[in-house]
4 protein chains.
Amino acid sequence: MKRDKPKFKQIIDAAVVVIAENGYHQAQVSKIAKQAGVADGTIYLYFKNKEDILISVFQEKMGLFVENLKAIISDGSTSSEKLLKMVENHFRVLATDHHLAIVTQLELRQSNKEIRMKINEVLKEYLMLLDDILIEGLENGEFQEELDIRLARHMVFGTIDETITTWVMNEQKYDLMKLAPKVHRLLMSGMKS
Amino acid sequence: MKRDKPKFKQIIDAAVVVIAENGYHQAQVSKIAKQAGVADGTIYLYFKNKEDILISVFQEKMGLFVENLKAIISDGSTSSEKLLKMVENHFRVLATDHHLAIVTQLELRQSNKEIRMKINEVLKEYLMLLDDILIEGLENGEFQEELDIRLARHMVFGTIDETITTWVMNEQKYDLMKLAPKVHRLLMSGMKS
Amino acid sequence: MKRDKPKFKQIIDAAVVVIAENGYHQAQVSKIAKQAGVADGTIYLYFKNKEDILISVFQEKMGLFVENLKAIISDGSTSSEKLLKMVENHFRVLATDHHLAIVTQLELRQSNKEIRMKINEVLKEYLMLLDDILIEGLENGEFQEELDIRLARHMVFGTIDETITTWVMNEQKYDLMKLAPKVHRLLMSGMKS
Amino acid sequence: MKRDKPKFKQIIDAAVVVIAENGYHQAQVSKIAKQAGVADGTIYLYFKNKEDILISVFQEKMGLFVENLKAIISDGSTSSEKLLKMVENHFRVLATDHHLAIVTQLELRQSNKEIRMKINEVLKEYLMLLDDILIEGLENGEFQEELDIRLARHMVFGTIDETITTWVMNEQKYDLMKLAPKVHRLLMSGMKS
DNA sequence: GATGAATGAGCTTTCATTCAT
DNA sequence: AATGAATGAAAGCTCATTCAT
C-alpha cells in the first residue's frame, strides 16, 4: 500500500511545510518535491495529481483529530467533559503544529470547489463524532431537551473554527490552549446571565 | 468619486453574478466585463486591479449588513432582542440574494490570503457593532458577567457563519430564516439543560 | 473573419518555416510565435490550439493545389493533358516552396491520428477532383474502359507522392519538374512494351 | 546474438501489438514491457533505446517481404508474373496480419524523420529487389525500353502503398487480395485506352 | 540476467494588464 | 471616457532511461 511507504508521508509533510510557508497558490509541485527530497516525477508515483496531494494532506492529518476524538468519546466521562476534551484536542493539535494550523485554517480553503467538497467528506466523519456526543448528552439529560443537534453542531464547530482562525490570523500570538475551558463554558452556558 | 458612477456598481454587480455562476477561479476579468456590458479595459478605469474588484464587492455588499445593524442597535430594545435581530438580518440578506450568498460563503473564501486579510478588515466594522451589543448586554446585566467578549464574538459569528455555509452547501434547500430564533435561543442559553 | 486578417497568414507561414527547419516535434508554439513576430498569446487569438495551427497550415496550402487544379480541369484540353497539368502543378507548387515540401511530405505525417484524419478530409477534395478527370477520360474514351477509378486514383496519387517524397528525402537535389512528363507518360502507357 | 534469444522476438511482437492497439504516441516502453511480460529495464538489455525497438520491428517484419520476394524472383516466370506475385505477396502479408498492417501503414509513419530515414534504409533492400525485376523486364523486352527504372519503382511502390493505406484507413473492410490482379494489370498497361 | 523505483527535462495554454486609437 | 488587440510569464505532468539490488 502506497500510504504506508515512507515516501508517502515524507511528501505529505513536505506539502504542509511548503503550503504554510509559501501559500496555497505558490505551492508548486516542484517545490514540494524539493522539500521532500525527491524528484518531481516521484510525486506522481505516490499521488495521482496535485489535487490528490492536497486531499491526502487533509485525510492524513484529519486522522489525528478523529482518532483522538474516538478515544475521548469512549472514555467514561460526562458529555460535557467530552465536549471540553474535544475542544482541547482540537486546539492542542493545531497549537502544536503551527504549519498545519496555517494550512487547515487559511490555505486549504483557497482550493477549488471540487477539492473542498472532498475535504468536506473527510470533515463529515469528525462532525458525526461530535453529533454522537451531542446525542448522548441529550439522552442522558445533560443537555437541554429542545436542543437542535444540527444547530448545536454548527455552534460548536463554528465557534471552534472561528476562534482558531482568528488566532492564526493574529499570527498565533497568544496561548490558544488557555481558551479551551472558557470556550467550553460559553458553549455550555450560553451568554444569558 | 468613482464609487458613485453608474458603471462602478454595474461592474460590482456583474462580478457577483459571474463569480456565483462560474466560481471564483473561473471569474475572469473579461467575463465580468462582458457581463457588465463594458470593454475589458474599462474595468481598469474604475478598479486598480482584479483584487480591487473583489474587495470592493465585499465592501459594497457588507454595507447592507452594517447599515441594517446600525439601525437595529439604535432602536430601544434589549441586547438579547438586538442579537436576535442581527441574526435575522444576516440570514435575511443572504437568503434574499442567492448569488451573494454563494459568493460570500463559498467563492470569495478561495481568494488568496492577502485578499482575505483585506476582506477581514471590512468585516471588522461589522464585528465591532456586534461587540457593542455584547458590551451593552454585559453592562446592563443581561449577559453573564464573566462573558469574554472576544470568545462570545467568535461564538456568535462562527455559529451564524457555519449555519449559513452549510445551508448554501445544501443548495439552500430549506428555509434559513426559520432557524434564526432557534440560533438566537441557543446562543443565549447555551447547551446545558 | 480571422482567416483574412494578416496575422493569420503570418502565423501560418511562420509555422511552415519553423516545422521545416526544426522538425515537427521541435516546432514549439513559442518558436512559431517568435518566427511570426508576435507574442505566444497572440497565436491563441487566431487559433484554438496548436493542432488547429497544423490543420490550418494544410488547409491553407492545400487550397493552392485545389484552386490550380480546378482551373486546369475547366480548361478545354483532353483528359490526358489535364492529368499532365495536374502532375506539373503538384510538382511545381512543392518545387517552388522547399519548406512546404518538407512539411507536407515528411513532417506533417508525424502528427497524431486525429490530426491526420482531419488532414485527410482536406485531401479528399483534391482526390475528388482527380476522380473527375479520371471519369471524364473514361467517358470520352481516352482511358481504357475497364479502368477501376479507385485503383487509378491510388496509382496516380501514390506515384506522385512517392516521387516527391523520394525527391525531398534526397534533399531536393535534382529537378523535380523535369520528371513530370515522364511520370505522366508512365501513368498513361504503363510499363508494358 | 541478441536477435536470436526468445525475449528479443517476444519484445518485437509485443511492440507491434501495443502500437497497433494504442497508436504510436501511446506506445510507451512500459506498455511494451508489460505486454511482453518483462520488466521495463529488461527492454534495455535487448535494445539500445526505444528508437531501436521501432527500427527492429521494421527490420524483422520487413524480412518476411524480402524473403518471399527473393523466392519469387528466383523462380522461372516472366517479369510481369514476378511483378504480380510481388503485389500479391505484399498484399497477402499485410492482409494476414492486421496489427502489422496498422503499424506499417499508419503508426510507424508518425515517427520522427531520423527513424523514418533508418526505416527507409531497410526498405531499400526491398526496393532493390523490385529494381531487379524491372531491369530484367527491360532487358528481356517485356517492358518498354524508355522505362525510367526510378519512376517505375515509384509508381509500383507508390500504388501498392497508397492502395494498402486506403484499405487500412477504411478499417480493412474489403478484400485486399482481390485487388492484386487489377493493380498489376493497371501498372502494366497504364490508363490509356 | 532481470528487476522496477526513481529520475528530471520539457512545453502548451491561460489571463490579468496595457496602451494606441 | 472607452475600447479590445496584444502581451508574456508561469506550472503540472509524462515517460525514456538508469542503476542498485
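Convention: sequence-line order gives letters A, B, ...; per-chain numbering from 1.
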Just distance, no hydrogens or angles: give the donor-acceptor pairs under 3.5 Å from side chains in residues 10-20 of chain B, sequence neighbours left out.
residue	atom	partner	partner atom	Å
B:Gln10	NE2	B:Ala36	O	2.8
B:Asp13	OD1	B:Lys61	NZ	3.2

Nucleotide [N], atom [atom2] - distance to [atom1] of [X] in whole Å:
| X | N | atom1 | atom2 | result |
| --- | --- | --- | --- | --- |
| B:Gln10 | F:dA1 | CD | P | 15 Å |
| A:Asn49 | F:dA11 | CG | P | 17 Å |
| C:His25 | F:dC15 | NE2 | P | 13 Å |
| A:Tyr24 | F:dA11 | OH | P | 14 Å |
| D:Ile115 | F:dA16 | CD1 | P | 11 Å |
| A:Ile53 | F:dA11 | CD1 | C1' | 13 Å |
| A:Leu45 | F:dC15 | CG | C1' | 11 Å |
| A:Phe47 | F:dG12 | CZ | P | 15 Å |

Name every donor-acceptor pair, under 3.5 Å, that has one atom in a side chain of residues 37-44 of chain A and the other anywhere in the protein, sequence neighbours excluded.
residue	atom	partner	partner atom	Å
A:Thr42	OG1	A:Ala39	O	3.4

Assign each of D:Tyr44 and A:Gln26 to its nearest nucleotide of DNA chain F by heavy atoms, then name whichever residue's nucleotide is nearer the 5' end.
A:Gln26
Pick base, sugar-phosphate or nothing for C:Tyr46, based on heavy-atom distances below 4.0 Å to the nucleic acid.
sugar-phosphate
At 4.0 Å (heavy atoms only), tell me whether D:Lys31 reaches a base, stays on the sugar-phosphate, or touches nothing.
nothing
Using Watson-Crick and G-U wobble pairs with both distances under 3.5 Å, what is the 5'-to-3' dot-bracket string of DNA chain F, with [ ] for crossing pairs and | for pairs outside the strand?
.||||||||||||||||||||
Salt bridge (charged side-chain N to carboxylate O under 4.0 Å, His left out) filter on D:Glu60, not counting sequence neighbours, yields D:Arg3, D:Lys9
Reported NZ-to-CD1 distance for the pair D:Lys48 and D:Ile53, which is rounded to 0.5 angstrom:
11.5 Å
Below 4.0 angstrom, which residues in residues 36-43 of chain C have at least one non-hydrogen atom near DNA chain E?
C:Asp40, C:Gly41
D:Leu123: side-chain contact (heavy atoms from CB on, under 4.5 Å) partners, not counting sequence neighbours:
D:Phe58, D:Met62, D:Asn120, D:Tyr126, D:Phe157
For B:Glu51, what residues pass the side-chain contact (heavy atoms from CB on, under 4.5 Å) criterion, not counting sequence neighbours?
B:Asn49, B:Ile55, B:Glu114, B:Ile115, B:Lys118
Nearest non-hydrogen partners of B:Lys113 and A:Leu106, listed with the distance
CD-CD1, 4.0 Å
[X]: partners by side chain to side chain donor-acceptor pair (under 3.5 Å), with sequence neighbours left out:
| X | answer |
| --- | --- |
| C:Arg116 | none |
| A:Thr165 | A:Gln105 |
| C:Gln26 | C:Gln28 |
| A:Lys7 | none |

Flag the pair B:Ser56 / B:Phe8 as yes when at least one side-chain heavy-atom distance between them is below 4.5 Å, and no otherwise.
yes
So does B:Lys5 get a side-chain nitrogen or oxygen closer than 4.0 Å to the phosphate oxygens (OP1/OP2) of F:dA1?
no
Contact span of DNA chain E against chain B, any nucleotide atom under 4.0 Å from a heavy atom, 5' to 3', runs E:dC15 to E:dT18
